[in-house]
Amino acid sequence: MARLVDTYGRRIRDLRISITDRCNFRCLYCLPESEESADFFRSSSKAEPHPIHREWKPKSHFLSYEEIARVAEVAAALGVNKIRLTGGEPLLRRDVPKLIEQLAAISGIEDIALTTNGFSFLKNSVALQKAGLNRVTFSLDSVDSSNFKRLTGREAFKDVMESIIRAKELGFSPIRINAVIIRGLNDHEIVPLVRFAQDQGLEIRFIEFMPLDSGRAWQKDHVVTGSEILGALQAEFDLKPLELEHASATAKRWCVVGGGPEIGLITPVSEPFCGQCNRIRLTADGKLRTCLFSLKEHDLKPLLREETDDEALSQWLEDVVLKKERGHLIGQDQFQRPDRTMSAIGG
Ligand code: SAM
Ligand code: SF4
């Protein structure tokens with residue numbers, strides 16, 4: 001049986017699908033509102049502010065739900081068993097439960113997860129669950145409402161809290177929080193974020209800040225590394241290391257001894273984990289990316305709109321996966337930022 005395997009022997013299991021490049025938040029590290037807000041980071045640099053890089057696409061450029069489900073079905077027949085919907089903010093797209101229903105019906109798809117900023121989760125929560133959503137990850141970088149506003153550009157802390165509580169009431173499990181920690185912005189919240197996760201019975205993942213922000217303000221100094229985060233946590237909690245979730249897992253995991261949240265550290269900058277990567281990404285406008293940092297994208301949309309049969313589509317996917325990069329080069333001289341930013345690629 002055909003499989004998606006790259007030239008380094010990595011078997012692709014995980015398809016990340018961005019369903020929109022739009023977002024209602026303006027996180028400073030992702031899609032800052034203005035040049036000034038992006039410039040906020042630049043305190044230690046004399047570089048010229050970079051114009052905000054946005055590339056909204058008209059609706060007709062997005063894949064339809066039927067097109068997305070078709071790609072997922074062909075990929076599932078080639079061994080993909082896990083799908084994560086992301087964006088932009090995925091819940092800005094209409095009728096997301098309809099897409100989830102189509103994905104849940106695909107043989108071989110065992111896990112459907114959603115990454116969301118949480119703003120619109122509350123009103124969609126029951127429909128999402130009924131449609132077959134298995135897991136939800138909320139982005140939450142602050143447990144202080146005014147710092148939350150500073151980081152996201154939105155007065156939405158209360159909405160996100162209500163969404164997390166509703167997800168708990170509905171029994172989603174696990175519920176995870178993603179937190180990006182940036183020096184000088186929320187590094188004082190590492191411990192409070194874990195306490196929040198502990199109180200609410202959530203898992204938490206700390207993600208290193210990557211050079212994919214639309215303000216192009218990323219500098220190495222802004223990155224609070226996984227080992228710094230671990231140090232801050234060890235000063236406060238008695239931590240026990242956990243096994244990797246599976247061989248291709250991105251997070252090194254810990255838990256608080258005596259009962260506490262599972263804590264994951266995702267360290268693409270300080271300790272890349274490309275060697276075991278099992279992911280590919282589909283952008284909202286139908287480009288397949290073999291790495292978050294790919295400099296080349298593979299356009300699937302024309303094939304989907306030219307009545308290509310499933311066999312040709314499978315062959316195309318197999319060929320593209322063979323072009324998967326060995327790894328990214330963040331921190332090395334040869335590193336080149338991709339043209340597209342995190343919100344347009346899908347985080
Ligand atoms: N809007 C949704 C959300 O925020 O959860 C989904 C899309 S967002 C791009 C997905 C994840 O990427 C979020 O957890 C966010 O914190 C993370 N992210 C965005 N920009 C990042 C950056 N420059 N470095 C590291 N993580 C980033
Ligand atoms: Fe929007 Fe998510 Fe990016 Fe924040 S991290 S700006 S919520 S896409």
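A quick note: this is a predicted structure, and the numbers were derived from the prediction, not measured. Atoms within a ligand are numbered from 1 in the order they appear, just like the ligands themselves.
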For residues Val136 and Leu92: do they belong to one hydrophobic cluster (side chain heavy atoms under 4.5 Å, members Ile, Leu, Val, Met, Phe, Trp, Tyr)? no
Pairs of nitrogen or oxygen atoms, one from ligand 1 and one from the protein, closer than 3.5 Å: please tabulate them with distances.
unit_1: ligand 1; atom_1: 1 (N); unit_2: Gly88; atom_2: O; d: 3.0
unit_1: ligand 1; atom_1: 1 (N); unit_2: Glu89; atom_2: OE1; d: 3.2
unit_1: ligand 1; atom_1: 4 (O); unit_2: Ser139; atom_2: OG; d: 3.1
unit_1: ligand 1; atom_1: 5 (O); unit_2: Thr116; atom_2: N; d: 3.4
unit_1: ligand 1; atom_1: 5 (O); unit_2: Thr116; atom_2: O; d: 3.2
unit_1: ligand 1; atom_1: 5 (O); unit_2: Ser139; atom_2: OG; d: 2.5
unit_1: ligand 1; atom_1: 14 (O); unit_2: Ser139; atom_2: OG; d: 2.8
unit_1: ligand 1; atom_1: 14 (O); unit_2: Asn178; atom_2: ND2; d: 3.1
unit_1: ligand 1; atom_1: 16 (O); unit_2: Tyr29; atom_2: OH; d: 3.1
unit_1: ligand 1; atom_1: 23 (N); unit_2: Tyr29; atom_2: O; d: 2.9
unit_1: ligand 1; atom_1: 23 (N); unit_2: Met210; atom_2: O; d: 3.0
unit_1: ligand 1; atom_1: 24 (N); unit_2: Met210; atom_2: N; d: 2.8

Would you please say whether a donor-acceptor pair under 3.5 Å links the side chains of Thr116 and Glu89? yes
Return each pair, listed once, that meets salt bridge (charged side-chain N to carboxylate O under 4.0 Å, His left out) where at least one residue sits in residues 108-123; pairs must be two or more places apart or across chains. Asp111-Arg135
May I have the step-by-step check of salt bridge (charged side-chain N to carboxylate O under 4.0 Å, His left out) for Arg70 and Glu66, ending in yes or no? CA-CA 6 Å; Arg70 176 150 181 245; Glu66 286 65 34; over 6 Å; no
Strictly under 2.8 Å of atom 3 (Fe) of ligand 2: which protein N/O/S atoms qualify? Cys30 SG
With a cut-off of 3.5 Å and sequence neighbours excluded, list every side-chain donor-acceptor pair involving residues 184-195.
unit_1: Asn186; atom_1: OD1; unit_2: Ile182; atom_2: N; d: 2.7
unit_1: Asn186; atom_1: ND2; unit_2: Asp141; atom_2: O; d: 2.9
unit_1: Asn186; atom_1: ND2; unit_2: Val180; atom_2: O; d: 2.9
unit_1: Asp187; atom_1: OD1; unit_2: Gly184; atom_2: N; d: 3.1
unit_1: Asp187; atom_1: OD2; unit_2: Gly184; atom_2: N; d: 3.3
unit_1: Glu189; atom_1: OE1; unit_2: Ser142; atom_2: OG; d: 3.3
unit_1: Glu189; atom_1: OE1; unit_2: Val143; atom_2: N; d: 2.8
unit_1: Glu189; atom_1: OE2; unit_2: Ser142; atom_2: OG; d: 2.6
unit_1: Glu189; atom_1: OE2; unit_2: Asn147; atom_2: ND2; d: 2.8
unit_1: Arg195; atom_1: NH2; unit_2: Glu236; atom_2: OE2; d: 2.7

Under-4.0 Å salt bridge between Asp238 and Lys240: no
Do Asp213 and Arg337 sit within salt-bridge range, that is, some charged N less than 4.0 Å from a carboxylate O? yes
Taking Lys301 first and then Glu67, would you say they form a salt bridge - that is, a charged N and a carboxylate O separated by under 4.0 Å? no
Hey, what do you get for CG (Leu85) to CZ (Arg93), rounding to the nearest 0.5 Å? 10.5 Å
